[in-house]
Amino acid sequence: VEQTFTDTAGTGSAWTGSTDSSLTFKASEDLGNGLTAFAQITLDTDAINGAADTTTNQSSEKDSKLGLKGGFGTLVMGRMEDFTEGKVMSMMTLNGTGAIEATGNTGRTDDAIAYVSPTVNGLHVGVAGYAVTADSDAIDATDMAIFYDNGPLSVKIAQEKNDNAAESLAIGASYAMGDVKVSALHVNRKDDSDSTVDHNDVMLRLDYTMGSNKFTIASLDDEQTTGIDGTDVTAVELTHSFSSRTSAYIGATDSKAANADTTYVGMIHKF
């Protein structure tokens with residue numbers, strides 16, 4: 001359960017409230033011989049109680065997936081996020097409205113199937129196919145990813161191609177040094193149907209943990225290949241963890257293109 005209050009300068013609206021709450025059900029069954037079946041449904045309670053998402057007939061679902069995992073790796077299918085967004089771009093996700101993720105995230109997609117290999121010496125790969133177009137019976141988008149984790153170093157690379165619109169390449173890396181963690185993400189997105197939405201984004205992030213408090217500073221440099229100024233964003237955020245399940249945060253973002261300063265405060269509880 002999360003509640004955020006946001007104040008954006010120049011909008012004429014002070015302290016707009018927003019919620020981002022969900023309910024998750026998980027199940028698993030040991031099938032023997034090292035094989036496990038699993039399933040997950042995550043319901044977006046905001047969509048249930050408020051306006052429905054018109055982009056899908058499963059408007060109240062964030063995730064609805066099932067699969068098998070074992071020595072061969074993991075095979076999962078259903079409604080879920082792609083590797084590019086869920087595993088790579090998510091490196092830059094902040095609390096509340098402080099997101100500085102790159103342009104072009106596709107969100108969750110229906111009728112997806114993905115395979116993730118076992119981890120060998122910190123390295124594993126993922127391959128996925130998605131039906132992006134509504135009511136499509138064909139896989140019209142593919143996503144391939146490589147992940148490497150070795151102690152304080154983490155590297156993630158994902159390439160997604162959508163036959164109906166755009167393709168993107170996301171390269172991210174993070175390194176932890178005691179209480180400090182630095183992260184960098186580069187995303188190149190090309191749209192064959194409209195060159196004005198081509199983006200070349202660089203995102204930087206620094207997290208410093210002080211006991212129960214974490215201070216974050218992050219930035220997004222958005223360059224469009226047509227020479228049009230993109231949405232450059234700078235963000236700062238302070239998060240206090242009351243426990244492993246409850247935290248509160250306060251932050252601010254400055255969007256140069258929109259000429260808007262946003263202040264937000266919120267709280268999250270997980271149960």
Notebook entry, point to check: In the hydrophobic clustering that connects Ile, Leu, Val, Met, Phe, Trp and Tyr at side-chain heavy-atom distances below 4.5 Å, which members other than V127 occupy its cluster, ordered by chain and number?
Noted result: M144
Next item on the list: Kindly determine whether E237 and Y264 satisfy side-chain hydrogen bond (donor to acceptor under 3.5 Å, both in side chains), including the steps that lead there.
Entry: CA-CA 9 Å; E237 183 178 88; Y264 59 93; 2.7 Å; yes
Next item on the list: Keeping the roles fixed (side chain from S90, backbone from G86), state whether a donor-acceptor pair exists under 3.5 Å.
Entry: yes
Next item on the list: Would you confirm whether S241, through its side chain, and S247, through its main-chain N or O, come within 3.5 Å as a donor-acceptor pair?
Entry: no
Next item on the list: Just grab all the salt bridge (charged side-chain N to carboxylate O under 4.0 Å, His left out) pairs involving residues 203-212, residues at least two apart or on different chains.
Entry: R205-D207
How would you list, by chain and number, every residue that makes a side chain to side chain contact (heavy atoms under 4.5 Å, CB included) with [X], sequence neighbours excluded?
X	answer
I113	L75, M77, I139
V76	F38, K65, M80, A114
A39	L66
L169	I157, Q159, I171

Checklist line | Set of side-chain hydrogen bond (donor to acceptor under 3.5 Å, both in side chains) partners for D20, sequence neighbours left out | finding: K62
Checklist line | Partners meeting side-chain hydrogen bond (donor to acceptor under 3.5 Å, both in side chains) with T36 (sequence neighbours left out) | finding: none
Note to self: I need the S21 OG to L43 CG distance, nearest 0.5 Å.
What the structure shows: 12.5 Å
Notebook entry, point to check: When rounded to the nearest 0.5 angstrom, what distance separates CZ in R189 from CG in D201?
Noted result: 10.0 Å
Item checked: Close side-chain approach of F271 to R245, heavy-atom, < 4.5 Å -> yes
Notebook entry, point to check: With side chains defined as the heavy atoms from C-beta onward, is the minimum distance between M203 and S219 less than 4.5 Å?
Noted result: no
Item checked: Evaluation steps, side-chain hydrogen bond (donor to acceptor under 3.5 Å, both in side chains), between T4 and Y249 -> CA-CA 9 Å; T4 306; Y249 55 84; 2.5 Å; yes
Notebook entry, point to check: Mind checking whether F147 and H124 have parallel, tilted or perpendicular rings, split at 30° and 60°?
Noted result: parallel
Check: Which residues pass the ring pair (Phe, Tyr, Trp, His ring centres under 6.0 Å) test with H269, sequence neighbours left out?
Finding: none
Notebook entry, point to check: Under the criterion side chain to side chain donor-acceptor pair (under 3.5 Å), which of T253, T16, T262 is the partner of T8?
Noted result: T262
Next item on the list: Please list all pairs passing the side chain to side chain donor-acceptor pair (under 3.5 Å) test where one or both residues lie in residues 22-35, with sequence neighbours left out.
Entry: T24-T42
Which donor-acceptor pairs under 3.5 Å do the side chains of residues 148-155 make with protein atoms, sequence neighbours left out?
residue: Y148; atom: OH; partner: N150; partner atom: ND2; Å: 2.8
residue: D149; atom: OD1; partner: S154; partner atom: OG; Å: 2.8

